[in-house]
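Ligands are counted one by one from 1 in listed order, and the atoms in each one are counted from 1 as well.
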Amino acid sequence: MKKILITGGAGFIGSHVVKLFLQKHPTATLVNIDKLTYAGNLENLKEIEAHPNYVFVKGDICDRKLVKSIFSSYAIDTVVHLAAESHVDRSIESPFEFAQTNIMGTLVLLNQAKESWEKDFSNKLFYHVSTDEVFGSLEETGLFSETTAYDPKSPYAASKASSDHFVKAYQNTYGLPVIVSNCSNNYGPNQFPEKLIPLVIHRILENQCIPIYGQGLNVRDWLYVEDHANAIDLILRKGKLNHTYAIGGANEWTNIDLVKLVCRTMDNALGNKKGTSEKRIEFVKDRAGHDKRYAIDSSKLANELGWKPSLQFEEGIQLTVHWYLENKTWLENVVNGSYQEYYKKQYNTTP
Ligand code: NAD
Ligand code: TYD
């Protein structure tokens, strides 16, 4: 019976991973450690919070004492590490927080895993969830894969690249069993509305402008969040130890075309006249050091483990738009900050 520590399980991707794992690993205990930063939202986990196999610990992955006590109290044998500061724009404003959580937090977890497991590394795994942004930026052609050299360009990407290097160094130096996956841009329900797709949905609902950085010609490869969660589960079960896996949607969009698709989907859903939402688009100052293009070759994952994305992008955008329209309270609570009250109500204490 596995004892899995999931970090950052109250965030966007982490909450989908927690819900999927409770279904797919019915005999495992899942311990979720989350600091509940602005990005952590226990409302994402409402439907499973009383599940008998699930434990929530509010805490910081940089807290060595707490991490040690979790490993020993729950006899953790598997770590699925998602906790991170995750937004590039914030990393440009506050790089130190990114280095602290993404680098030091990862190091604390790695070191605890090494100390707790070093007598017997069998049946142990440290799975690190990372991003394709560690590889830098592509021009018009080419794809990132497992063999692409690291070349991070933003403080966020640099902090994630550093964490990947520490994971691989712990494998090489101490023999810690690890897996790293590097995924492209995710979208879907429960994403914080600082990221492009939920930001556009929210701005349309609020009748505000839709800011597009530069000319909107930067390209991202988008993947539905549940497809990422499924890939993580598959790699956890069947991936090769000490390997890395590139995960992507084979789904490249310029920001401008993507925003127009979201606008059309919103107009249809809201019964607006064609073209209504697009009028809100405003081209604004470009992001500093804005990576031009990301695109992933996930053929290793496809060929070795038989993974492929389950949704066409238009379907995924439909699902996402409808989720936000049906969960306006989630969005309102996030925007007005009251989602952080949920913890106090549930646990009768201050976060
Ligand atoms: P998110 O910002 O939505 O969630 C991050 C979670 O980590 C939050 O719940 C937050 O409270 C928690 N957290 C932050 N600092 C913490 C700390 N010091 N201790 C404990 N918990 C802390 O992020 P996300 O988009 O869900 O991304 C999750 C992971 O996946 C990250 O590691 C990110 O780098 C990676 N990733 C994200 C994407 C994407 O498109 N969002 C793509 C590829 C990889
Ligand atoms: P984002 O969702 O922040 O993800 P990332 O920077 O990790 O790729 O941004 C996706 C793309 O959208 C990126 O090229 C920046 C751009 N963007 C805008 O044009 N306007 C915005 O308001 C935001 C948040 C992003």
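- For Tyr294, no nitrogen or oxygen atom sits less than 3.5 Å from a nitrogen or oxygen atom of ligand 2, counting backbone and side chain alike.
- Tyr187 and Phe313 have their aromatic ring centers within a separation under 6.0 angstrom.
- From the protein, the heavy atom lying nearest to atom 16 (C) of ligand 2 is Asn255 ND2, 3.4 Å.
- Atoms of ligand 1 lying under 4.0 Å from any heavy atom of Val129, numbered from 1 in the order shown and given with element: 30 (O), 32 (O).
- Judged by distance alone, the side chain of Glu282 and the main-chain N or O of Pro211 form no donor-acceptor pair under 3.5 Å.
- The closest approach between any non-hydrogen atom of Gly59 and ligand 1 is below 4.0 Å.
- The distance from ligand 1 to the heavy atoms of Leu36 drops below 4.0 Å at these ligand atoms: 11 (O).
- Contact atoms of ligand 2 toward Glu194: 24 (C) (distance under 4.0 Å to a heavy atom of the residue).
- Where the criterion is an N or O separation shorter than 3.5 Å, residue side chain and backbone included, Pro211 meets it with respect to ligand 2.
- A salt bridge does not link Glu304 with Lys238: none of the charged nitrogens is closer than 4.0 Å to a carboxylate oxygen.
- Close approach of ligand 2 to Ile212 (heavy-atom distance below 4.0 Å) involves ligand atoms 19 (O).
- Under the 3.5 Å distance criterion, with hydrogens and angles disregarded, a donor-acceptor pair is assigned to the side chains of Asp164 and Ser130.
- With atom 5 (C) of ligand 1 as the reference point, the heavy atom nearest to it among Ala84, Gly8, Ala10 is part of Ala84.
- Judged purely by atom type and a 3.5 angstrom limit, Ser15 has no side-chain atom pairing as donor or acceptor with the backbone of Leu45.
- When ring centroids are compared, His165 and Tyr150 come within the 6.0 Å threshold.
- The distance criterion of under 3.5 Å between nitrogen or oxygen atoms is not met by Val88 with respect to ligand 2.
- Salt-bridge check for Asp89 with Arg287: passed, with a basic side-chain N closer than 4.0 Å to an acidic carboxylate O.
- The nearest protein atom to atom 40 (O) of ligand 1, hydrogens excluded, is given as Asn186 N, 2.8 Å; this is a heavy-atom distance.
- Close N/O approach between Arg287 and ligand 2 is found [any backbone or side-chain N/O within under 3.5 Å].
- Between Trp222 and ligand 2, a contact under 3.5 Å exists for no N or O pair.
- Considering only non-hydrogen protein atoms, atom 18 (N) of ligand 1 sits nearest to Asp60 OD1, 2.9 Å.
- Within ligand 1, the atoms closer than 4.0 Å to a non-hydrogen atom of Cys183 are 42 (C), 43 (C), numbered from 1 in the order shown.
- Residue contact check: Ser130 has heavy atoms under 4.0 Å from atoms 43 (C), 44 (C) of ligand 1.
- The nearest heavy-atom contact from the protein to atom 34 (O) of ligand 1 is Tyr156 OH, 2.7 Å.
- Heavy atoms of Asp34 come nearer than 4.0 angstrom to ligand 1 in at least one pair.
- Under 4.0 angstrom from ligand 1, there are no non-hydrogen atoms of Gln100.
- Near His87, meaning under 4.0 Å from any of its heavy atoms, are these atoms of ligand 2: 3 (O).
- An N or O contact shorter than 3.5 Å links Arg220 to ligand 2 by distance.
- A 4.5 Å side-chain heavy-atom check between Leu270 and Leu325 finds at least one atom pair inside the cut-off.
- Between Glu97 and Arg90, none of the side-chain N atoms (NZ, or NE/NH1/NH2) sits under 4.0 Å from a carboxylate O, so this pair counts as no salt bridge.
- Contact between Gly9 and ligand 1 is absent, with no heavy atom of the residue lying under 4.0 Å from the ligand.
- Regarding atom 13 (C) of ligand 2, its nearest protein heavy-atom neighbour is His290 NE2, 3.5 Å.
- Defined by atom type and a distance below 3.5 Å, a donor-acceptor pair is missing between the side-chain atoms of Trp307 and Asp227.
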